[in-house]
Amino acid sequence: MNRLIASKIVFLFANFCFQQMNLSAQFFDVPSITIDNASIIITYELSYKEDSNNLNIIRKEEMLLLIGENTGFFAGKNFYLFIQQGRQAEREGRLDFFLDEYKLKNKMGRFTYSIYKNYPSGKITFTNKVIPTFLLYEEDLSSFQWELKNGEEKVAGYNTRQAGIHYGGRQWTAWYTTEVPINEGPYKFRGLPGLIVKVADSRGHYEFNLISIERLSEKLPIEFEEHDYVKTTREKYLKSEENLRRDIISRAREAGAGNQSQQIAVRNMERRNNPIEIK
Amino acid sequence: MSKLGVIACLLAFCGPAALWSQTVIIGYIEDDQKQAVANINVIITPVGQTTIIAYAFSDDKGHFAVSFNTLHDSLDVSLSSLAYARQTKRIGNQTQEILFTLIPDVKQLETFTVRASPIVRKGDTLSYLVQSFAGRTDRSIEDVLRRMPGIEVEQGGRILYNGLPIEKFYVEGLDLMDGRYAPVSRSLPHEAVATVEILENHQPIEMLRDRISSQQASLNLRLKKKTTYAGIAKMGTGYGDEWLWSADVSPMAFTTQFQALASLQSNNAGRDIAQQIQMLGLQDVQLHPLYPGTHSTLSIPQPQPALGEQHRFLFNRSHLLNLNALLRLNKAMSLRVNSHLLFDDGKSNSTTKRSIVSPADSSEFNERLSNRLKTNLYRTTISLNSNTRKNYFENKLQLEAWRRDAKANMNLETIRSDQRLNQPAVSLSNNLRAIFPYAGQLIELKSLVIFESLNEALNVKPGMFENIFNGGNAFGWADQSVSVSRLYTHQSAGMINKWKRFTLFPSAGLVLSYRNMKTQLTTSPDVLNQPGTDYLNNNQIFIFRPYVKTGIEYKYKSLIVKAELPLSFHLQNATDRYHTGFNESGRLLLAEPKCSMQYQFGGFWQAGASFALIQRPAETDETFAGYVLTQYNRLFKNQLAGGFVSGQTFSGRIAYRNPITSLFQSVAFVNSRLRQPWLLSTILYEDGKTEVVPVDIPVITGSQSLQYNGSYYLSKANTTLSLKAIAAFSRRQQLLNEQAFRSSNAHLIINPQFNTRFSAWMHAEFGSEFRWLFTGARHQYTHISKSSKHQLGIYLFFSENTHLVFSNAFYNYGSGESFVSDLRFNQKLNEKRMELEIAANNIFNAKSFVEYYASAYTVFEYTYAMRPAQLLATVRFNL
């Protein structure tokens with residue numbers, strides 16, 4: 001019975017998310033500006049433990065880093081492809097068909113944020129939809145001050161060196177290689193004299209590993225979607241994510257879930273208690 | 001800026017201290033065209049070493065500056081980037097300025113190593129060898145799936161790959177369960193499976209693979225043997241007012257060409273297993289215009305407990321056999337059969353107080369009701385699916401036969417009435433969906449053909465309406481029979497075009513419908529006036545309705561405007577063998593335009609509105625010229641076959657949803673006005689019986705509703721506060737005992753709620769719901785029903801495997817109150833792959849529960865007898 005309810009709540013949530021997205025159905029083909037053109041796509045695998053009470057559960061998701069001339073763009077691969085394909089379908093007039101076939105079964109992946117690096121110049125722009133609003137905040141690139149460490153190590157087939165940084169309440173170590181002269185890396189990390197091939201926090205909760213580097217035969221535009229963003233600060237954004245996690249009960253109720261289902265939803269959300277940025 | 005100027009600025013930037021303690025290297029980088037080059041890595045290392053002393057990047061103007069402390073005498077300054085050849089200059093350890101000119105050299109992809117994924121893949125397929133992942137305590141393939149990297153199994157049995165739910169679950173490439181795969185993954189022993197394949201980017205519809213690529217994976221199990229048998233069992237027992245049982249046995253078999261899963265379930269513990277075989281969500285057939293669904297004309301009084309509370313009132317004995325089989329015909333084509341056989345025997349006891357509110361007076365009727373409803377259902381769906389790269393085709397042929405035998409014993413204030421209703425029915429339907437590309441567009445064809453036959457018989461003892469049939473004297477019985485057969489077809493084709501900010505979606509279709517209805521009322525031989533042709537029907541209604549539909553959508557930024565104009569030509573022909581007045585044919589051109597808009601602004605605000613004009617033919621299933629005894633106390637006829645319903649609805653909604661403060665509020669308003677072609681005139685007899693006939697007077701119904709929803713999360717208290725409030729009003733012209741008046745109904749519901757998470761292992765919720773039901777005539781509410789419900793739930797999660805739920809509800813209503821408590825304990829016994837659930841329901845043995853309903857000028861107060869206190873222990877294990 002419990003399992004039935006658990007599966008029902010998942011259904012209700014998928015349904016709820018769909019309704020929410022449907023209300024702002026233009027998220028696929030929103031007006032956007034091309035801020036750069038990417039010639040390289042780097043793929044990382046993110047291993048993460050989002051439930052600090054069950055650290056033996058390790059989830060994985062592939063993440064993309066697009067390298068433009070002056071700008072980097074970082075997002076979940078599933079989310080990026082979903083948006084690209086949805087937009088394509090919408091432009092070709094196949095949106096209903098696309099949605100019908102896809103039923104939006106949480107196919108966007110776990111991570112739906114977009115990170116624009118060095119856009120605007122000297123800043124990192126972070127955007128995400130925290131149901132139901134598109135939020136945006138900026139950070140200074142100069143706030144990322146790495147501490148270089150001595151010694152070399154072979155990681156992912158490259159000679160790498162280490163550098164450390166304290167960011168978002170975690171102590172991070174990056175392995176970067178000067179063999180690939182791209183001063184970029186996964187998530188918000190960048191600014192080392194070579195590509196970051198691995199970065200992990202000291203507690204082993206989040207770890208990005210390089211999977212592949214691909215030079216594109218045709219340049220791919222890096223587009224900044226012009227949603228109706230609410231500009232906020234990093235601190236307020238983290239608070240809104242925390243609120244979503246904590247306040248899921250009211251969203252579950254809105255979706256028609258019963259009392260017990262709401263409690264199970266709370267339990268499920270509470271398992272997401274270990275975000276990448278703690279403070 | 002001159003180079004000297006640059007140096008001056010950079011030195012100033014580095015600070016005066018740097019001038020004395022640090023070496024500062026500043027530089028300018030240009031290409032062979034003398035253009036400044038940005039974003040170049042600059043690394044300073046001691047000569048002959050790899051240790052990085054310092055690094056920098058060139059800015060938009062090609063400048064860089066780097067400062068450091070080192071004792072080395074000479075240093076290497078290396079420049080690297082993707083677009084230029086690497087360059088190194090050896091310099092002395094002193095503050096200086098350097099100029100670099102880079103030579104373009106685009107590095108090829110091949111120069112980078114692409115690390116292979118840890119799991120070797122073949123195209124888009126990943127294979128996991130089950131043997132190498134299985135642990136000693138693992139039993140089912142689900143246990144092993146949990147151990148596989150990238151695969152996760154949720155509590156409900158849903159399988160995720162890389163955090164995303166899988167799309168399809170195949171065994172040997174066949175989809176037996178159509179998404180309900182948990183019985184297979186949980187019951188199939190892992191020893192039977194050779195490999196688990198993850199099909200990445202799997203698009204199940206082959207012709208869409210090049211058009212819509214999927215990001216979602218599917219899972220396929222490759223079996224070791226050609227034939228595999230497995231199963232699951234769930235057994236429960238307990239005691240209430242009788243010995244209780246609950247059983248579920250589900251064996252299954254798999255071969256490469258044929259697969260089957262059977263499930264046998266039985267219980268008398270109040271669990272409504274019939275719900276399992278009901279479709280969730282909107283059924284396909286409901287999307288077809290003018291299809292009324294299988295419609296019963298006759299009924300006997302039955303209580304309708306509130307949603308979610310049925311298990312408290314259902315005294316049942318239910319048995320369900322669920323059979324699923326799939327046969328692979330060739331590589332692209334498969335045949336699937338899903339069959340359900342249900343024997344459901346339910347009993348309920350209730351009392352009803354029916355209050356009729358009219359301007360003249362109010363009358364009350366009390367009825368005590370004991371019900372028994374037996375449902376036997378047989379349903380088989382045969383699906384033929386062809387899935388090739390050129391087209392997609394799915395055809396579902398469904399045969400459904402059911403029989404409902406309902407019995408009601410009513411004790412009215414003065415008399416006792418026994419009623420029996422038998423409803424055997426059969427229906428055969430065919431539903432086809434095909435997709436094919438044409439001139440760069442995707443064309444979708446749909447076709448539905450349904451034939452159905454429903455024979456109903458209502459027996460009422462003693463016979464009612466003595467004044468009409470027997471000069472006011474009681475008589476033995478009355479039998480009403482109704483036989484309806486119907487053929488319905490709907491064919492349609494549609495496509496989608498896009499032009500700039502406009503999307504056009506034209507479609508066209510044709511509906512053909514034929515209905516034949518025969519009814520007869522017979523009474524016991526002792527009746528003076530035997531029912532004549534006034535109580536006979538043999539009518540035929542034919543509908544021909546071609547339609548075209550044009551839809552247009554305009555989208556710009558966060559504004560969406562949609563408009564739709566369906567135009568249909570409705571031709572209807574009605575004839576009756578006994579009632580010539582019924583014969584009528586009509587032609588109507590119907591237009592039902594509707595439009596809607598949505599706008600988002602200020603980030604947190606959202607507004608939407610919609611407007612629709614309604615113009616549709618009146619319901620034909622309620623149309624017959626001779627009287628029918630539709631209920632023991634209701635004689636009804638409607639000879640007005642023509643006419644159509646018209647009206648308009650308007651709705652608006654504004655919402656403020658701020659995730660930063662976690663404040664969510666919305667207000668919605670709906671206003672509708674409907675004009676129906678006839679007014680139902682009701683003659684109410686003193687004993688509560690009614691005779692209903694339509695009068696050719698149009699009637700207007702108006703309704704409004706206003707709803708507020710709000711929630712706020714108090715982070716300091718870890719508590720969510722929420723409030724829901726609904727106010728709804730409706731008014732309608734009535735004709736009761738030849739007295740015309742306007743009935744008014746109003747509903748008011750206020751529902752505050754608190755949810756608190758004291759800790760990770762303890763949650764609590766408290767909520768109240770206050771309801772007021774106002775009923776009246778001529779703008780005066782003369783009848784008010786009040787009720788409230790207060791709930792307290794405590795959830796204790798002792799561990800991942802153990803939890804306890806204690807829920808309490810206190811109901812308060814005009815005539816009394818009741819208190820219901822339930823306790824449920826769940827424990828997973830992982831080592832043995834067993835799960836134990838102990839549930840104590842209605843611990844304090846509450847006897848009854850009351851609900852109010854209002855319908856026009858009638859208010860119903862239902863008092864249901866509840867299932868007594870019961871204890872049920874259930875164990876689940878694999879066969």
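Remember, it's a predicted structure, so these values are computed and weren't measured experimentally. Each chain gets a letter, A, B and so on, in the order the sequences are listed, and its residues count up from 1.
Only the backbone of A:Glu69 comes within contact range of chain B, with heavy atoms under 4.5 Å apart. With a 4.5 Å cut-off on non-hydrogen atoms, B:Asp59 does not touch chain A at all. In this structure, chain B has a heavy atom under 4.5 Å from the side chain of A:Thr232, while its backbone stays farther away.
Atom CZ of B:Arg86 is separated from atom OG1 of A:Thr178 by 6.0 Å, given to the nearest 0.5 angstrom. Summarising the geometry, atom OG1 belonging to A:Thr133 is positioned 11.5 Å from atom CH2 belonging to B:Trp605; distances are rounded to the nearest 0.5 Å.
The two atoms that bring B:Ser80 and A:Pro181 nearest to each other are OG-CB, 3.2 Å, heavy atoms only. The two residues B:Ala38 and A:Asn70 have their closest heavy-atom pair at CB-OD1, 4.4 Å.
Contacts with chain B were tallied for A:Leu238, A:Val197, A:Leu192; A:Leu192 has the most, counting heavy-atom pairs under 4.5 Å. The candidate with the highest count of non-hydrogen atom pairs below 4.5 Å against chain A, out of B:Thr51, B:Ile43, B:Ile52, is B:Ile52.
A 6.0 Å sphere centred on CD of A:Glu147 holds no more than 12 heavy atoms belonging to other residues, nucleotides or ligands. Around atom NZ of A:Lys231, no more than 12 heavy atoms belonging to other residues, nucleotides or ligands sit under 6.0 Å away.
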Practice problem: Carefully, step by step, assess A:Asn118 and B:Asn39 under the rule side chain to side chain contact (heavy atoms under 4.5 Å, CB included). | Solution: CA-CA 11 Å; A:Asn118 201 29; B:Asn39 217 20; 6.0 Å; no
Decide yes or no on side chain to side chain contact (heavy atoms under 4.5 Å, CB included) for A:Asn183 and B:Tyr55, but give the supporting numbers first.
CA-CA 11 Å; A:Asn183 53 29; B:Tyr55 67 96; over 6 Å; no
